[in-house]
Amino acid sequence: MKYINKNFYIEGVKASKLANKFHTPLYCYSYKKLKENIYNFKNNFRSLNPIICFAVKANSNLTLLKEIGKFGLGADVVSMGELTQVLKAGIKPKKIVFSGVGKTSEELSFAIDKKILLINTESKNEVLELERLAKNKKRIVNLGIRLNPNTDAKTLSKISTGKKEDKFGVSEKVFLELVKYAEKSKYINLKCLSVHIGSQILNHRPYEKMLKVVDRIIKKSNYKFDFIDLGGGMGIPYYKKSKTLNYKKYVFAIKKILKNYKSKIIFEPGRSIIGNTGVLISKVIYVKSSSKKSFIILDAAMNDLMRPALYGAEHEIIPEKKTNQFAGKTYEFVGPICESTDKFMTSKKFQKLSEKDLVIISDVGAYGMSLSSNYNIRLKPPEILVKGYKTNIIKKRQKLKDLI
Ligand SMILES: *Cc1c(COP(=O)(O)O)cnc(C)c1O
């Protein structure tokens with residue numbers, strides 16, 4: 001994705017051409033970028049030979065899941081809907097893990113029937129419920145227990161999940177009790193310790209801390225885990241001068257603890273696989289000026305891309321066509337929704353924009369479309385996959401009749 005002669009391209013296709021053909025707002029993904037990310041991820045962790053389960057909540061588009069599956073990745077799902085979707089995408093049950101703090105009996109039962117790799121439980125009561133269902137079905141079910149390692153991921157507070165005040169996982173004490181409990185049960189087979197301390201992590205130190213806790217607790221439990229599921233959370237650069245995660249140091253820290261055990265590593269990356277593969281193309285509806293700043297009112301809104309409103313996350317916005325004529329005043333990029341949080345970013349130095357101009361909202365492949373909603377009865381945008389010069393509609397724009 002880059003500029004060629006001042007115009008923005010997704011692989012071989014001009015963004016303005018896509019906007020004309022499919023209208024805006026419009027999600028658009030690059031196949032090449034996806035392939036590159038998966039290749040890089042595998043390469044970074046090659047020496048561990050891990051099982052890689054794509055975190056489907058980052059992007060649940062069926063075509064993208066099929067493509068991801070073709071590269072050999074499995075899936076990490078958090079609901080019956082996601083589990084159904086990845087099975088439909090052709091991902092094998094033996095490559096699927098089921099995470100989440102509140103899986104219902106119906107969801108657990110469905111997952112048992114599908115014979116997936118692991119159900120990662122997050123509380124004592126969930127373990128008991130899983131055992132009850134397994135007993136009813138006369139089955140032995142493979143499970144993991146998610147540990148809350150009480151480690152600060154040093155990321156946005158709203159996407160931190162590994163501190164003791166977070167709802168996720170179980171404490172060390174409960175973890176050790178559950179290991180003992182599982183050892184005695186005839187119906188549950190404890191295979192995995194899982195952790196996931198948060199998302200958009202750019203510093204390897206929280207991972208090192210988490211690994212120390214994992215190491216200590218495995219030693220204490222004196223239990224042989226077939227799998228250690230380290231979750232996802234690997235951050236990506238959302239702006240030019242951003243730090244990047246030091247994968248070498250993360251791998252080094254993992255290897256240090258793995259010396260003691262023969263466990264297989266599982267990763268559940270979402271953002272690092274899909275985040276930078278997608279852009280949201282949007283058109284300026286109005287430029288609303290006051291003396292100090294102008295509101296650039298886009299046709300994309302918080303219902304299309306929720307991250308800025310939900311987490312205070314920032315996505316770079318760039319012009320579709322570069323002119324090098326600067327606006328000379330502050331631009332505030334907003335959507336049309338009746339909420340003050342429906343705001344993407346503020347820029348003190350942007351090129352002059354006029355009505356009908358196109359802009360590109362960057363790095364929206366993860367938690368973009370998957371977090372979209374119909375708030376204000378706005379239609380969800382379509383998704384396009386670009387492969388070289390070819391474009392493929394992988395999700396159609398919703399129609400009013402779908403909603404009303
Ligand atoms: C969200 C989530 C992931 C993926 O996180 P990323 O930051 O997108 O890599 C992995 N595992 C679990 C349990 C999650 O909740």
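Both counts, for ligands and for their atoms, begin at 1 and track the order of listing. In what follows, every heavy atom counts, from backbone to side chain, and hydrogens, waters and symmetry copies are set aside.
- Shortest contact from atom 7 (O) of ligand 1 to any protein heavy atom: S199 OG, 2.3 Å.
- A heavy-atom distance below 4.5 Å is not found between the side chains of E332 and M345.
- Taking only nitrogen or oxygen atoms, main chain and side chain alike, G270 reaches within less than 3.5 Å of ligand 1.
- Residue contacts with ligand 1: V78 is placed with no nitrogen or oxygen under 3.5 Å of a nitrogen or oxygen of the ligand (distance criterion only).
- In D76, the part holding a heavy atom less than 4.0 Å from any atom of ligand 1 is the side chain.
- For atom 2 (C) of ligand 1, the nearest protein heavy atom (residue, atom name, distance) is K57 NZ, 2.3 Å.
- Of the options N61, N59, N392, T277, a side chain to side chain donor-acceptor pair (under 3.5 Å) to Y29 is made by N59 and by none of the others.
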**Trace of the ring pair (Phe, Tyr, Trp, His ring centres under 6.0 Å) decision for F225 with Y223** = CA-CA 6 Å; F225 289 95; Y223 189 86; 4.9 Å; yes

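- Within the 4.5 Å cutoff, the side chain of T161 has heavy atoms near those of the R146 side chain.
- Heavy-atom distances between A366 and ligand 1 stay at or above 4.0 Å for every pair.
- For the pair I281/I10, a side-chain contact is recorded, criterion being any heavy-atom separation below 4.5 Å from C-beta on.
- Side-chain atoms of R307 and Y238, non-hydrogen and from C-beta on, do get closer than 4.5 Å to each other.
- Of the heavy atoms in H196, only side-chain atoms (C-beta onward) come closer than 4.0 Å to ligand 1.
- Here the side chains of E208 and Y250 are not in contact, with every heavy-atom distance at 4.5 Å or above.
- At least one N or O atom of Y367 sits closer than 3.5 Å to an N or O atom of ligand 1.
- Of the N or O atoms in R146, none lie within a sub-3.5 Å distance of an N or O in ligand 1.
- Judged by the shortest distance from any of its heavy atoms, F168 lies outside the 4.0 Å radius around the atoms of ligand 1.
- Of the protein's non-hydrogen atoms, the one nearest atom 10 (C) of ligand 1 is E268 O, 3.1 Å.
- Using modelled atom types, one side-chain atom of Y331 and one backbone atom of L353 make a donor-acceptor pair closer than 3.5 Å.
- Using a 4.0 Å cutoff on heavy atoms, P269 counts as a contact of ligand 1.
- In terms of polar-atom proximity, defined here as any N/O pair under 3.5 Å, S99 makes no such contact with ligand 1.
- Interface of G232 with ligand 1, defined as ligand atoms under 4.0 Å from a residue heavy atom, comprises 9 (O), 10 (C).
- For ligand 1 and R271, the ligand atoms under 4.0 Å from any heavy atom of the residue are 6 (P), 8 (O), 9 (O).
- V279 pairs in a side-chain contact (heavy atoms from CB on, under 4.5 Å) with only one of the listed residues (L26, V359, I360, L18), which is I360.
- K154 is not listed as a side-chain neighbour of N203, based on a closest heavy-atom distance of 4.5 Å or more.
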